Protein chains: 2
Amino acid sequence: MRLLLVEDTRGLGEAVRDQLQEEGYAVDWVERISAARHCLRSTPYDLLLLDLMLPDGSGLEFLQQLRKSGQALPVIILTARDQISDRIAGLNAGADDYLVKPFDLDEMLARVAAVARRYSGNPNPYLQLGELEVDLAARRILRQGQAVELSAREWALFEAFVQHLGQVLTRSRLEDALYAFGAEIESNTIEVYISRLRKKLGKSCIETLRGMGYRMSVK
Amino acid sequence: MRLLLVEDTRGLGEAVRDQLQEEGYAVDWVERISAARHCLRSTPYDLLLLDLMLPDGSGLEFLQQLRKSGQALPVIILTARDQISDRIAGLNAGADDYLVKPFDLDEMLARVAAVARRYSGNPNPYLQLGELEVDLAARRILRQGQAVELSAREWALFEAFVQHLGQVLTRSRLEDALYAFGAEIESNTIEVYISRLRKKLGKSCIETLRGMGYRMSVK
DNA sequence: CTGAATCTGACAGCAACCTGAAACTTTCTT
DNA sequence: AAGAAAGTTTCAGGTTGCTGTCAGATTCAG
């Protein structure tokens, strides 16, 4: 269970993170919206804890953007007492719950556990990658609920991407994933398989970075 | 970060251990499965590097046993080139990644770092440079939260600056970063790319030092 | 003010990439 | 064992947008 905490108050952020980690959650803590955007791209999270007043923008707008882009990620917002009206706006914008600062840490844990429980229909080996649901162990992929069948090579390639989510993979790195080490390949096999994966999984699932390689991200 | 290396080839084992230790990992190196079992009982490890052909049994079976007993420990398997089919079996048995011998030590380090990162739950590390957020592994840059796309050459140049923050880079130094060693260039290509970077990343991000070169600072 | 260094918009050429289809290989079925 | 089906690799033609160069504008040092 991995959480992303966006909170610019040092003391509070640290306390919340430590408390959650003690409970066994994996927690990433950032202080800016831009950083949060970053994390969300390269890592699949199960829950977002979002302060509404941040140095580089409004958490509320950020949340709206998230929802607009189709992110179903559970969100708990953190607001100061004098921003209570934001609470309403927050819930409207698609938050799942809220906490008014200063809040009790046990209260916080309870809310997190509640939201987590509500959402954890499937115990975690499932990865949610945009419209894809991936079960790595079972080698199964659902796209918008529909099963997608991959051949051996297609799967090997896909797996390489998933195991290095968000990172740019060079051609030679991908070749290593498809063919055990140093097996020279002359033609454009990689491109052909990229093309097939896109056909099966959706165009936007793999980005091309001309002259550099390819990248799969969470969104 | 403590690793257990199970490898019966002396030379290879030594090289891998030394390399990893230089990178700051704590490494225990054993040559037998029985010894590995022992270590695992008495010490908590963060990662297991496992050869599949060992004098006292099959690493594959060992891995299966581990998984059956509920061990979630990350595992990278090492296979010889002619045991490719084991790679599939290994991944099925619950390995997280594989390396085909003979492998490049840098490649090995990269895989170890990747697996370690994946399990430690950290997202890619990112840099904050003024109004820029940089994720080197993902080759992603956010400028005030907005994604900025760089071409291959632009990125190479940018990377050179980031890797020498605050230092003055001469023209010939930059040429070496863009073109593999000593490729003479006559026209003002460098200036053109500097210009393109400034357009995308902001004027002030790279300073000109007339007659000397260019510099990027932390700001 | 003058010359040299640097900046930047424009552009032709071409390498990188995409993709449908054909040739070939492996696996399955009868 | 032979044929069918599925998977893999290669090839070729079409497209995209990066790259290096130049020329004219601009900045800077003396």
Side-chain angles (χ1 to χ4, degrees), chain A residues 139-141 147-161 168-216, chain B residues 84-85 87-89 92 139-141 147-161 168-216:
Chain A
R139 304 209 164 196
R140 285 219 322 207
I141 302 178
V148 176
E149 306 286 343
L150 296 188
S151 75
R153 292 255 124 94
E154 287 164 359
W155 180 268
L157 193 62
F158 177 74
E159 200 176 38
F161 278 112
V168 174
L169 298 180
T170 63
R171 214 158 270 250
S172 73
R173 201 88 164 58
L174 293 173
E175 277 168 20
D176 284 357
L178 283 185
Y179 314 91
F181 190 66
E184 301 284 315
I185 222 167
E186 325 90 48
S187 77
N188 63 344
T189 311
I190 297 286
E191 289 160 44
V192 172
Y193 277 103
I194 294 279
S195 172
R196 292 201 182 136
L197 275 186
R198 283 181 176 148
K199 206 176 211 172
K200 292 189 176 181
L201 305 178
K203 276 273 196 226
S204 62
C205 116
I206 299 168
E207 294 169 87
T208 302
L209 294 149
R210 242 164 197 262
M212 299 191 270
Y214 298 89
R215 178 176 58 195
M216 177 181 289
Chain B
I84 309 283
S85 61
R87 164 171 101 69
I88 311 290
N92 279 336
R139 302 204 170 189
R140 227 191 266 278
I141 302 178
V148 176
E149 309 281 346
L150 297 188
S151 76
R153 291 257 126 91
E154 287 163 1
W155 180 268
L157 193 62
F158 177 73
E159 207 174 31
F161 278 113
V168 177
L169 297 179
T170 63
R171 217 158 271 246
S172 73
R173 202 91 159 58
L174 293 174
E175 278 169 21
D176 286 355
L178 281 187
Y179 310 93
F181 188 63
E184 301 284 315
I185 222 166
E186 323 93 47
S187 77
N188 64 343
T189 311
I190 297 289
E191 289 160 45
V192 172
Y193 276 103
I194 294 279
S195 170
R196 288 180 184 156
L197 273 187
R198 282 180 175 149
K199 198 175 200 175
K200 292 187 177 181
L201 304 179
K203 278 274 196 224
S204 61
C205 118
I206 299 169
E207 293 169 83
T208 302
L209 293 150
R210 250 172 188 254
M212 295 191 269
Y214 299 88
R215 178 173 58 193
M216 177 180 289

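These numbers were taken from a predicted model, which means no experiment stands behind them.
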- Query: Between residues 193-200 of chain B and DNA chain C, which residues have a heavy-atom gap below 4.0 Å?
  - Reply: B/Ser195, B/Arg196, B/Arg198, B/Lys199
- Message: Taking the side chain as everything from C-beta on, heavy atoms only, tell me whether B/Thr189 gets closer than 4.5 Å to B/Tyr179.
- Response: yes
- Message: Rounding to an integer number of Å, can you tell me how far B/Ile206 CD1 sits from C/dT6 C1'?
- Response: 14 Å
- Item | Nearest non-hydrogen partners of A/Leu178 and A/Arg153, listed with the distance | CD2-O, 3.3 Å
Provide a list of protein-nucleic acid N or O atom pairs under 3.5 angstrom, restricted to nucleotides 26-30 of chain D.
unit_1: D/dT27; atom_1: O2; unit_2: B/Arg210; atom_2: NH2; d: 2.8
unit_1: D/dC28; atom_1: O4'; unit_2: B/Arg210; atom_2: NE; d: 3.4
unit_1: D/dC28; atom_1: O4'; unit_2: B/Arg210; atom_2: NH2; d: 3.4

- Task: Go through the structure and list residues passing side chain to side chain contact (heavy atoms under 4.5 Å, CB included) with B/Glu149, not counting sequence neighbours.
- Result: none
- Note on the structure: B/Thr208 meets the side chain to side chain contact (heavy atoms under 4.5 Å, CB included) criterion, sequence neighbours left out, with B/Arg198, B/Tyr214
- Item | Atom pair distance, as rounded to whole Å: CG in B/Leu150 and P in D/dT19 | 10 Å
- Message: Looking at B/Arg173, I want to see if its CZ is surrounded by more than 12 non-hydrogen atoms of other residues, nucleotides or ligands under 6.0 Å.
- Response: no
- Item | Under-4.0 Å side-chain N/O to phosphate OP1/OP2 contact, B/Thr189 with D/dT21 | yes
- Message: Applying ring pair (Phe, Tyr, Trp, His ring centres under 6.0 Å), can you list everything that pairs with A/Phe158, at least two apart in sequence or on another chain?
- Response: A/Trp155
- Ignoring backbone atoms, test whether A/Arg171 places a side-chain nitrogen or oxygen under 4.0 Å from the OP1 or OP2 oxygen of C/dA16. no
- Message: Within the 4.5 Å heavy-atom criterion, are B/Leu150 and B/Arg139 side-chain neighbours or not?
- Response: no
- Should A/Thr208 be listed as having a side-chain N or O under 4.0 Å from OP1 or OP2 of C/dA16? no
- Reported CZ-to-CG distance for the pair A/Arg215 and A/Leu169, which is rounded to 0.5 angstrom: 10.5 Å
- Message: Heavy-atom nearest nucleotide on DNA chain D for A/Asn188 versus A/Ala152: which residue maps closer to 5'?
- Response: A/Ala152
- Find the bend of the helix from C/dC1-D/dG30 to C/dT30-D/dA1 as the angle between its two terminal axes (five pairs each), to the nearest 10°. 40°
- Think A/Ser187 has a side-chain N or O under 4.0 angstrom from the OP1 or OP2 of D/dT10? yes
